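To start, the structure under review is shown below, and the notes come after it.
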Amino acid sequence: MSDATAIRAAGTRAQEMIDALAAISADSDRLTRLYLTPEHKRAAELAGTWMEQAGLSVRMDAAGTMRGSLPPGRPGPSGNKSLLIGSHIDTVIDGGRYDGNLGVVVGLLAIEALKARGEALPFGIELLAFGDEEGVRYPITLTSSAVAAGVFDPAALDQSDRSGVTMREALTAFGGKPEALAGEAYQADSVLGYLEVHIEQGPVLERTGAPLGVVTAIASQSRHRIRIKGEAGHAGTVPMPMRRDALVAASELIVGIEAIARKDRKNSLVATVGEIEALPGASNVIPAEVRLSLDVRAATDEARRDAVATILSFARKTEAVRQVALTFETVLEKPVATCGPRMMAAIQEGASRVMGKPAQQLLSGAGHDGLSMAHLAEYGMMFVRCRGGISHNPAEFVTVDDMGAAVEGLVEAILALARQEAAR
Ligand SMILES: [Zn+2]
């Protein structure tokens, strides 16, 4: 069935739905849809309407996630279980239209295709349209999937957005139920697994000329704060050899961090200094203090820890040579979240069938809802090629044919799971 015509037809429908969702924004000139806003509500309701039209029973859960469920089509060993399929419908500020939204649309179209083809699955399906993956409005991310997975920390309800509105207040106004969140967690023994289709947000698939790829894991990640203290002085009077310029020390460190990260290609190591602040910040004063952020990610926890240790020892050398005082603090550490073997095999089979060649496996450098869902069940992800690897940007773009391939790939992945069940 995965011929070019079916792929084009599925992709065309996906594009229409993506465009309809993209029209729902807080701003008229750009796409901004944050958690628990009126725009989020409208997008969730639209997704709910589509789910109903596809014949799913729909409800909004206490966290504002739209859930559409399809009962099993035939008995089997997992007849009491559901395959969860989902992604998020929130966006960053001035975001792209495919990030997250594509996963919900593709999930829905795959369910529709399975029904249209009369496939009777030996397990149920629950489609989830999560409202908070990006974590733009509140300091935490993955609120919706954490609730579904039973790993939500209720302390987050007391966090405020920039206008001073707490998550508890926003959730209540939205129609959610802060007091009922704990009861929304799936029971682990009722879940077959979690599948998500998402744009790659990187350039690998485009470079290899493949529309679809199989995610192996979400990278190990840590964030750090580095503070370098030198000595302020008059830009005109302190001779060069007598300076302890914190910004020059920071520059050496940044270049060193890049060199360290470039050395480890095998473990997909990446290290980024994304924020820098120089104090006092005047054109005629030698910088006395510099604050930097550091983000390190790799395919394994060990590779990431090794890289951080190497960066730290390089930083100590810079500190000594430049005669500055350096502090290095770890503010976040997330272990690698490996995809489950059954879900990965199903995605591998589905994507490979549609492409007519073995699908490439790749690491996700970005975090996704799978990070929370991994606490509940095996998870698997299929990546879809996006132009230039650009994301979190209005220039984000996926072709109609690639979206169609994603729908067919997910259909084939679900059928592969059904065959696995039959063989058990
Ligand atoms: Zn996303």
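Counting starts at 1 for both ligands and their atoms, in listed order. Computed from a predicted structure; not experimentally measured.
Here T216 pairs with M344, Q361, L363 under the side-chain contact (heavy atoms from CB on, under 4.5 Å) rule; sequence neighbours left out. Annotation: salt bridge (Lys or Arg N to Asp or Glu O under 4.0 Å) contacts of E179 (sequence neighbours excluded): none. Annotation: side-chain contact (heavy atoms from CB on, under 4.5 Å) contacts of R419 (sequence neighbours excluded): E349, R353, L415, A416.
The side-chain hydrogen bond (donor to acceptor under 3.5 Å, both in side chains) test with H88 is passed by exactly one of D99, D132, D369, N101: D99.
Below 30°, between 30° and 60°, or above 60°: for Y35 and Y138 the angle between ring planes is above 60°, a perpendicular geometry. Relative orientation of the Y98 and F397 rings is perpendicular, given thresholds of 30° and 60° on the angle between their planes.
Within the protein, the number of N/O/S atoms found under 2.8 Å from the Zn ion (ligand 1) is 3.
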